[in-house]
There are 2 protein chains.
Amino acid sequence: MQRICQNKQMKIDLSTEEKIKAAAKRVFMTKGFDGCSVRDIAKEVGSNVALLNYYFRSKEKLFELIFEGAMSDFLQSIIEVFSSDLPLKEKTSLLIDKEFDFFMEHPELPMFIIQAIQQNKNESSVAPTFFEPIEKTGIFQQLKDAQAKGEMRPMSLRNITILLMSNVHYPFMSKKLTQQFHGIDEATLQQDLLAHKAHVKEMLINYLFPQNQPA
Amino acid sequence: MQRICQNKQMKIDLSTEEKIKAAAKRVFMTKGFDGCSVRDIAKEVGSNVALLNYYFRSKEKLFELIFEGAMSDFLQSIIEVFSSDLPLKEKTSLLIDKEFDFFMEHPELPMFIIQAIQQNKNESSVAPTFFEPIEKTGIFQQLKDAQAKGEMRPMSLRNITILLMSNVHYPFMSKKLTQQFHGIDEATLQQDLLAHKAHVKEMLINYLFPQNQPA
DNA sequence: AAATAATTTAAACACTTGTTTAAATTTTGG
DNA sequence: CCAAAATTTAAACAAGTGTTTAAATTATTT
């Protein structure tokens, strides 16, 4: 008599459910949805395949849960910066810093997110759940104001986003490629990423907030 | 009596082999190696599954062929620019232009390459076949010279590479994500990419080749 | 035109896939 | 402690996987 564990948890030991989620996250992150089987995940957990379906109904449902968690983590790291009480220039600088630090600890995340969205079977957009919390921080208004005051280069929100994400996300997505191309080890790459962060910060800040040439 | 088509082609009609390669390229590019079956490809070709193995021995071998072709195409677009007789600054500007134009027509390529390298089963490095032809253009020496003369910002080749690839590759890898996030159609995104190209060119050139502040 | 080789096909192979069933085990509540 | 519920398991399911076999078809050569 199997029952799916719904919202109403009647004194269920969550450790198993959480163990599966953790294992699934590890496997999905490294191998992708198509690149792994439910047995791979079960092996990672150290137990039976049927257990995954007992707790999460299907591989797809489990994946969606992991994906939403990942997106939430990512979103949270952004919100923290945007909610701070700083001028836009400092917020931007801080954002780059925090994002880099975050991805240093979760380097598979950018690739995972893009891949998941790429092969998004359903048509449900992630936009509302993602943009609404950011909107609430007032960052978009702050951006408009800064551009109106001439403090920030006039360019669309979309182009700003692409510029920022390119420089912050890509380096982590291309880790293996970079290592292979240049024949370097993980430690060396780590140093390169730190150097890259410094470059990106200077370059982007200078570009987005051009100084009206000092006398 | 099946024979694998080797180098020695005895008046074989190549159209079938090429048709399979073209179909496989389309399918692999959009769905990835794990995301498709050989029957998907066969369906795209419009013929039997066994034909793929007849011509290419295995799904993996076929994929490697497609991958190498893609890398070759990509490499070629770079070599062309580097081989030109221009100052480094102009070469860099031209490179960004050409790369953007190239990816405008092959937007799946950056993602395809990174994914393929990411889940590279074997340990064989792509570095030599990739770097050697670039080395031969003399671009690395030109770079050293420019840095020695103070024309170019002193930073490692690796960091320059990451910076360039981030800004040129990522926008195409994140097409679907950008569309979903901002709720825009293909045409709008295309315009954004053109705008992004202009931004990237100005930003990178200014950063990599800083002007000793004019009087 | 006949024989030989090359190409294409349908069918089967062994194996893996996600999921389900039903039985076994553990935990819980009275 | 014992029945009822929750959890975990082994086994099976049908469908899909990459690959191979052998027969059928087409093209080539003499």
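Just so it is clear: chains get the letters A, B, ... in the order the sequence lines come, proteins before strands, and each one is counted from 1. Quick note: numbers below take in every heavy atom, side chains included, and nothing from hydrogens, waters or symmetry partners.
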Geometric cation-pi criterion Lys91(B) and Phe82(B), 6.0 Å radius, 45° cone: no

Rounded distance [0.5 Å steps], CD in Gln115(B) versus CE in Met111(A): 5.0 Å

Phosphate OP1/OP2 of dT17(D) contacted by Ser37(B) side-chain N/O (<4.0 Å): yes

Gap between atoms CD1 and C1', on Ile41(B) and dT19(D) respectively (whole Å): 14 Å

Length of the line joining Lys43(A):NZ and dT8(D):P, which is rounded to integer Å: 20 Å

Donor-acceptor under 3.5 Å (Arg158(A) side chain, Asp192(B) main chain): no

Residue Ala50(B), side-chain heavy atoms: nucleotide from dT19(D), dT8(D), dT21(D) that is nearest: dT21(D)

Atom pair distance, as rounded to whole Å: CZ in Arg39(A) and C1' in dT20(C): 12 Å

Gap between atoms NZ and P, on Lys61(B) and dT20(D) respectively (whole Å): 10 Å

Euclidean distance, atom CD1 of residue Ile20(B) to atom C1' of dT19(D) [Å, nearest integer]: 15 Å

Per Lys59(A) side chain, nearest of listed nucleotides dA10(C), dG18(D), dG18(C): dG18(C)

Interatomic distance, Asn53(B) CG vs dT7(C) C1' [rounded to whole Å]: 15 Å

Arg57(B) CZ - dT20(D) P separation (whole Å): 9 Å

Under 4.0 angstrom between Tyr54(A) side-chain N/O and dT20(C) OP1 or OP2: no

Ionic contact status for Lys98(A) with Glu80(A), cut-off 4.0 Å: no

Test side-chain hydrogen bond (donor to acceptor under 3.5 Å, both in side chains) applied to Glu108(B) and Thr30(B), step by step: CA-CA 7 Å; Glu108(B) 340 77 5; Thr30(B) 52; over 6 Å; no

Ser47(B) side-chain N/O to dT8(C) phosphate OP1/OP2 under 4.0 Å: no

Thr16(B) side-chain N/O to dT8(C) phosphate OP1/OP2 under 4.0 Å: yes

Protein-nucleotide distance (Leu51(B), atom CG; dT25(D), atom P), rounded to Å: 16 Å

Phosphate OP1/OP2 of dT8(C): any Asn48(B) side-chain N/O under 4.0 Å: no

